[in-house]
Every structure is written in structure tokens, then in C-alpha cells.
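What follows is one structure encoded as C-alpha cells, with my remarks underneath.
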Amino acid sequence: MDDLIAGLNLQQQQAVMCAPGPVLVLAGPGSGKTRVLTHRIAYLIGQMGVSPYNILAVTFTNKAAREMENRVTDLLSGQVRGITLGTFHAICARILRREAEYLPVTSSFIIFDEDDQLQMVKQAIRDLNLDEKRYTPRSVHAGISSAKNELIGVDEFLVNTYRDEVIKRVYRRYQELLLAGNGVDFDDLLLHTANLLEEHPDVCEKYAHCFEYILVDEFQDTNMAQYKLLKHLASFHRNIFVVGDMDQSIYRWRGADYRNLMRFERDYPDAQVILLEQNYRSTQNILDAAMAVIDRNPNRTPKQLYTERGSGASIVLYEAFHDHEEAAFVVNTIANLVARKQASPGDFTIMYRTNAQSRVLEEAFLYANLPYHIVGAQRFYGRREIKDLIAYLRLAHNPKDEISLLRVINTPPRKIGMKTLEALHTQSQRMGLSPGDLLLKLHQDMQASRAEPESYEALSGRATAQLVNFSDLLAGWRGFLAGEVGQSPSPLQLLDRILEDVDYRNYIDDGTEEGQSRWENVLELRRLAAENRERDLASFLEQIALVSDQDTLETSSNVPTLLTLHAAKGLEFPIVFIVGLNDGVLPHNRSLDEPEEMMEERRLFYVGITRAKDRLYLLYSQQRNTYGYPDYAEPSRFLEDIPSSLFAEVQPARSATEWSSSKPIAEERWESLKPADGVSGTKAGQEKKHKREASSSYPPSTRVQHPMWGEGLVLNCQSQDGDEVLDIFFEGVGLKRVIASLARLQIKT
DNA sequence: ATGGACAATGTTTTT
DNA sequence: CATTGTCCAT
């Protein structure tokens, strides 16, 4: 008992040990909210004798769930088996599979991801003969999604404008398409579960009885569906313990509504409210800056963040001439601090508003020949080759999945184009079958050597031949799955068979560096399948659908991290740079005229600032490139809110001429900076490795002269079709890719 | 059916 | 600038 609460402050102890009933913990950044949650669970099990089976703990990411599980396991030395701990979506998927009898889909439903959702909206728009230009799949999907987040079904969808009418019709068609494929989307997981509990009191009671204690992390990020869901689950015991901070609500555009915190207080007037204000992460200067920024938001519970760490270093505000120099300042600063052994490369993070901003930074790192790590830009599961293979698996699992069928039917190319697909579509409609089922029937008919009867009139002979080829493959996998050859195969065995049947490697690995990297991704998926060899296919597919790239974030390699402010939430770093603090970038252009959006931009900045433990650098520039063209920019209006007393003396910006003539940092110093393991900076998807090729006439770090761009430094070279492709950094111009024989390059000595 | 050349179009993205 | 989709010639 004393062990458990040792090291917790008063408020934390109060939260951990508070009596049953509704509890609202308002937790400032770095105030130890995860500690409170994990200790609370340990307290319930260890001290109150609550069975793990009666505890439900919900998070937003798998990573957070994993971390919580590990920490509780440590605290209790292992007696956590039985606890229901996971993301909202994973827990809902579990409930829905168990209660599938109440659903319009079967328990082996598949979960459509963002990409599939867009494809499906596109399909729906086409089915309805609507103008794709006028109603982009993206915006229509946003409309459908936010309706679902508000628990608004198609029939309840209110129409005020013609646009609403369009969305409503697409929504209806979209749901039909989902059901036809026995699928649900991310939003449906929540929506269906909430509706299920609402409409079936007996089911609701079952779960509400079971979950004696409910704990929720990041409560400010819940949407209406999640709120209602929790309310149902807590309807019997009312022991609902939520932790949140409205100041860190940055997912409004995903349906999150921080007002759920207020709604909670209203719905549970007897709730105990506990404020966690002591910060264990940052120095006081950093906290003061953060509070100065966030205090300007109206209608919030004021929090006085304080630390016992002392004021710490001043915040550095730097005005760069343009974004290139901004990046150069970041890299130089990192290099200097590392060289002087004041910090190690992994201590640094650079945060920005939009992913596009990472490019300049990457160039600066490449130019300096320093490794870095970038989060998010291209996610593993978003990669083409991975999506292809998952689509194959899904199709084998569920031939009715038309989205997956369309994806793989001509990948690798099988001479099945638009014409053939159209024919397949008409024919399947005529027969009242899904295209996948039609293919299987086609296969059967061919097996029975019933030469194509008139029933396939929509299919031409040529088209049929190609389709039959594919249907043989599909039928083969179906049979394989059904256990024709003894036992039912594992996902890995099926994957391997598919890889071989379609000769995928030959298709994807064309011998270029990119092709090899793609094949490596395939091997990575294989490895993942091998790890999950105990799971059946359905469960493997679910796991893949519900895993995000955030969850794969590795922090092990000792190199600086580049990420968006959104991706930074929940993390902390000794030294933080926030770049692009210009109006139009940090308060983003699209938020300027919308007060709610503006508040969210402010919170985003707040989240960024509060990631920093020891040092904070804020950067903006006089000029920046937008879509390739330079443009003058104003400093972010948020900067005005930070008292100047917190800033270190502002260093004068160097002029453009000074910058373009400035020399790169001596190369010996870079050598001393390189981490021992020599991890190279990678941009996912498009790797730019510094390959040393002895045969090349322009090996990396050669200085060259270009007739147009002047002097540059070769960063990378690779052979292609007997020629050399070079990546060269030109000062004041940027990174250029050239063909050695065409660019009239001179080697400088 | 496919690949190459052109125009159109650009937030953030826990699941 | 860089990615994505559409049109057109093979």
C-alpha cells in the first residue's frame, strides 16, 4: 500500500485512492496522468480486491494501451490477466464480434481503413452518377464520418442544403456497399456498439454489470459516439474514472469534442474533480510560456502549472531569413550541442505544423550528412505493396470484399482493364452476386467443363479468359483456406502461397533501390505474420486494421526526430524545436476566420511547447516557400503572447547574401558527431541512403560545379541503366536530382 | 491495356 | 514543388 502510493503527490494519491463513483481528473501536461491511471488500476486490484475481469481501461492508441499494461503488470507483479484493456476501436470490435447476431454483418466482418473508405465513397458517388469534381470523396466522407461520430444514422441525417442531400444519398449508398462487403469502417465500430447498447437493454446490462470499474485516458479526445458508449457501459456501477485536459484537445476535425469534459460534469454532478497541476517534465520557463499561450483561450478551467525543477534555460526565439536558413539553424544548433557533448542526438525533436515542412529540414540534415528519424510521413500499412498484399488476404478471407478485389485483380497486371471490370460488374449485378462470388462461380462452371453458357452474356470471350485465370487463383486460395490440404493454414502460409502464385516479388522488386525497399517491406509483413502465427486470418486482419503507425514508432536509435505537432502529443523530449511559427503556418491559413479552429491551433502550439523538458527553440522566418514560390510571412500571432522576459536575446537574422555565402560546417566535425551505430536518416518510402560507390565518378561528398545552379555537394549516387543518378545539394537552390551524363558537371577540388 | 505526357491541386490524421 | 489524376498515343 505504502509502496503503491510512494512517490505520488497529494493530488495524485487522492485520485488513485478516491472512493468509487464518477471521477474527473483534469491533468495538465507532464502531470503524471498515466501514473495515476496505472496506479489506480493497481490500487483497485491490489487493495480493493477488484477482479481484473471487472475492469475496463480504454485508450486511443495501441501504444498507450501497451504501455499501460506493462506498467500495471510491473506494479502488481503480474496479476493483471483478465483486465479489458485496449483502444476504443479494438474493444468495440471485440464486443461486436461477440454480439454479431444483432448486427447487419456477420461476426467475421472486416474493418475498412481510411483508404478503403475513400474508395468506397468514390464508388458510391459514381453509382449515384454524381459529379466527382464537385463532391470530392474526401469532403463527402468527412461529412459522413462526422455524422457517424455524432451517432447520426442515414435516416436521421438532416438536410438543409442541396449539398447535405448529396451527402445523405452517398451515405446511404456507402452503407449499402459496406454491408455488401460484410464490412464496417472505423466509425461504425463505435456507432454500432453505441447503438447496440442503446437498443438492446439486455446486452447493455450484461456489459454494464461486468465492467465494475471503467477508466478512460485522453478523455478530451472522445467524440459523441464514444461518450454515449461509455455512459452505457457505466450505467450500472457508475464507477467511471476519466482523465483529460481540454487544453490538449487537438483532434476536433476528427470528431473529438473537449466539451465532453463539461458534459461529464453535468451528467455526473456528484463527480469528484481532481486537478493535477504539478509538472514533472518541463522547466518553469517552458511552463510559463505554455501558460501564456493557452491563457488566451476563453472558457477554460485555469490551471497553474508549476514545477520544482527551477526556471531553467531561457527560450530561444530565432528569426530566420527564410525557411532554408531556419532548417540550417536547427541542424547547426544540434551539431554544435552534440559536438560540445552537451546533448546527444536523440535528445532533439523538431516539430512542425504540416508534413510538407519536413522537406527543408530533411535537406538540411542530408546536406550536413547527419542522420535523422522522421515520424509519420508514410505509414507502413499505407504503402502500396503492403496494401496490395493485405487486399489479397482480405479477398481470400472474404470474396465479397469488392474494394480489395478491385485493388488486386489487375495487380500485377493481368490484362484486366476498365472494359473487363465493367463487364464483370454488369454481369454480377445481373446475377445478383458480388463480383467475387461471380468469379468463384465462374471457376466452378469451368471446372465442371460447362463451356461458358449464355448466362455470362455480358462477358466477351477475351475478358472471360483473363477473369477465369484470376478466378482459378482465388478459388485456389479459398480451398487452401478451407483446409483442403489438411489443416487450415496460418495467415503466413496463405501469404506465402499468394506471393508465390502471383509472383509478387518479380512484380515489385525491379532491381532499383526503391524496388528492393518495397520487397523489404513485404518481408517485414511476412515477419509480422510469422509473429502472429497463432492467430487466425480474421484476427490477423483485425490486428492490422487497428494498428497505426504511431504504434510502430521506435525511439531506440539515437538520432533527432522530426514529427508533426499532432504526432508529438503524449511524448516528451529534452530539447524541442518548433519551426515555421509564422501566421498562416501555425495558426494555419484555413483556421484564421474560424474562432473554434483558431483555439485549436493555439492548443496545438501549447501541446508542442509542453513536450520540451529542458530547452525550447521557437523559430519563424521572414520569408518562406509555399508550393515552391517564396512568400513574405508574418511571425505567428501566438508569439506575441509569450512575455519577452522568457526569451534569450534574439539573435539577428543573417541576410540572404550572408547565408548563401556561408560555409558548411567543417567535415571533421560531422565525423565526430556521427553516432556509433551509424543509422542513416531515412524518409520512409523513399530512402535516400548515402551509398559509397567506389566505381562512381561522383561519389558522395564530391564538390561539383553546375552551369545553372553553381557549386553543390553530391549527397547520393546510384547507377541506373548504365548511367548515374546523383542527388546534389546546391546552396541557395536546394536538393536536385540529375543524370550525370546530361548535367554538365565539373568536379571541384 | 498500358505507359507517358499534361493539368489540377494542395492541413493536421490516435483508429 | 511534388503528388495525383486524366487524356492520348501506342
Side-chain angles (χ1 to χ4, degrees), chain A residues 58-65 86-93 111-115 117 122 132-133 136-138 141-142 145 148-149 184-190 217-218 220-223 225-226 248-256 323 351-357 359-360 363 375-379 381-382 410 412-421 462-463 466 542-551 553 563-571 580 584-592 597 600-601 603-605 607-608 625-630 685-686 733-737:
Chain A
V58 202
T59 62
F60 276 85
T61 65
N62 294 294
K63 194 175 153 223
T87 64
F88 273 101
H89 292 82
I91 288 166
C92 286
I111 300 165
F112 284 110
D113 69 18
E114 189 117 11
D115 228 51
Q117 293 173 40
K122 213 184 253 178
E132 254 180 273
K133 289 264 153 36
T136 65
R138 219 173 194 288
H141 177 255
S145 179
K148 287 185 174 184
N149 289 332
V184 301
D185 65 16
F186 286 142
D187 302 319
D188 283 341
L189 288 171
L190 308 172
D217 193 14
E218 307 277 24
Q220 76 283 353
D221 290 335
T222 51
N223 59 34
Q226 288 158 331
Q248 294 184 66
S249 163
I250 55 175
Y251 286 102
R252 197 177 97 95
W253 45 271
R254 289 289 270 102
D323 47 5
M351 301 177 190
Y352 35 81
R353 175 67 238 259
T354 66
N355 277 313
Q357 290 172 258
R359 170 158 268 105
V360 210
E363 283 171 4
V375 174
Q378 181 135 26
R379 36 191 57 190
Y381 293 104
N410 201 32
R414 293 188 183 91
K415 304 198 189 307
I416 299 176
M418 285 303 285
K419 269 270 169 57
T420 312
L421 285 177
R462 197 176 117 75
Q466 310 300 341
E542 171 172 322
Q543 139 123 354
I544 282 172
L546 295 182
V547 147
S548 76
D549 209 48
Q550 283 265 300
D551 301 326
L553 199 160
L563 36 54
T564 63
L565 288 160
H566 282 92
K569 200 182 81 162
L571 306 174
V585 181
L586 188 38
H588 196 275
N589 260 330
R590 302 212 175 170
S591 327
L592 296 179
E597 299 272 311
E600 182 141 316
E601 296 290 306
R603 293 193 290 264
L604 198 49
F605 186 31
V607 165
N625 279 350
T626 34
Y627 305 139
Y629 292 98
Q686 186 196 3
V733 178
L735 191 65
K736 294 283 174 191
R737 177 164 287 186

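As a basis for the values below, the full set of heavy atoms in this structure was taken, side chains included, without hydrogen atoms, waters or symmetry mates.
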Could you tell me how far apart [X] ([atom1]) and [N] ([atom2]) are, to the nearest whole angstrom?
| X | N | atom1 | atom2 | result |
| --- | --- | --- | --- | --- |
| A:M351 | B:dT12 | CE | P | 17 Å |
| A:N223 | B:dT13 | CG | C1' | 14 Å |
| A:R590 | B:dT9 | CZ | C1' | 10 Å |
| A:R359 | B:dG10 | CZ | C1' | 14 Å |
| A:E363 | C:dA2 | CD | C1' | 12 Å |
| A:E600 | B:dT12 | CD | P | 14 Å |
| A:R254 | B:dT11 | CZ | C1' | 14 Å |
| A:Q357 | C:dC1 | CD | C1' | 15 Å |

Tell me what [X] touches on the nucleic acid: a base, only sugar-phosphate, or nothing, going by heavy atoms under 4.0 Å.
| X | value |
| --- | --- |
| A:E601 | base |
| A:E597 | base |
| A:E114 | base |
| A:R138 | base |

Taking atom types as they are modelled, would you say the side chain of A:R252 forms a donor-acceptor pair with the base of B:dT11 within the 3.5 Å cutoff?
no
With a 3.5 Å cut-off and heavy atoms only, can you find an N or O donor on one side and an acceptor on the other between the side chain of A:R353 and the base of B:dT11?
no
Please identify each residue that fulfils side-chain contact (heavy atoms from CB on, under 4.5 Å) with [X], with sequence neighbours left out.
| X | answer |
| --- | --- |
| A:E114 | none |
| A:A356 | A:T354 |
| A:T420 | A:I416, A:A463, A:L467 |
| A:N149 | A:S145, A:D187, A:N223 |

I want to check something: taking the side chain as every heavy atom from C-beta on, are A:R252 and A:E597 in contact at a cut-off of under 4.5 Å?
yes
Indicate whether OP1 or OP2 belonging to [N] is found under 4.0 Å from a side-chain N or O atom of [X].
| X | N | value |
| --- | --- | --- |
| A:T420 | B:dA1 | yes |
| A:N355 | B:dT13 | yes |
| A:T564 | B:dT13 | yes |

Taking only residues two or more places apart in sequence or in another chain, which ones pass salt bridge (charged side-chain N to carboxylate O under 4.0 Å, His left out) with A:E600?
A:R603
Sequence neighbours excluded, which residues qualify as salt bridge (charged side-chain N to carboxylate O under 4.0 Å, His left out) partners of A:D185?
A:K148
If you measure from the ring centre of A:W253 to the centre of the six-membered ring in the base of B:dT12, is it under 5.5 Å, with the planes under 30° apart?
yes
State whether the aromatic ring of A:H588 stacks on the base of B:dT11, taking stacking to mean ring centres under 5.5 Å apart and ring planes under 30° to each other.
yes
Is there a donor-acceptor contact under 3.5 Å from the side chain of A:E601 to the main chain of A:H588?
yes
For A:L546, is there any backbone N or O sitting under 3.5 Å from a side-chain donor or acceptor partner on A:H89?
no
Using the test ring pair (Phe, Tyr, Trp, His ring centres under 6.0 Å), find all partners of A:F60 that sit at least two apart in sequence or belong to another chain.
A:F88
Where does B:dT12 land, syn or anti, given syn is within 90° of 0?
anti
On DNA chain B, compare the nucleotides closest to A:S591 and A:M418; which residue's is nearer the 5' end?
A:M418
Return whichever of A:T354 or A:H89 has its heavy-atom-nearest nucleotide of DNA chain B closer to the 5' end.
A:T354
Provide a list of protein-nucleic acid N or O atom pairs under 3.5 angstrom, restricted to nucleotides 5-10 of chain C.
none

Nearest-0.5 Å distance that lies between atom CD1 in A:I111 and atom CD in A:Q117:
11.0 Å
Could you give the distance separating C:dT4 and B:dT13 at their P atoms, to the nearest angstrom?
16 Å
Of the nucleotides B:dA1, B:dT11, B:dT13, which has the atom closest to the A:K419 side chain?
B:dA1
At a cut-off of 3.5 Å, list every protein nitrogen or oxygen paired with a nitrogen or oxygen from nucleotides 2-7 of chain B, distance to 0.1 Å.
unit_1	atom_1	unit_2	atom_2	d
B:dT2	OP1	A:K415	N	3.3
B:dT2	OP2	A:N410	ND2	2.8

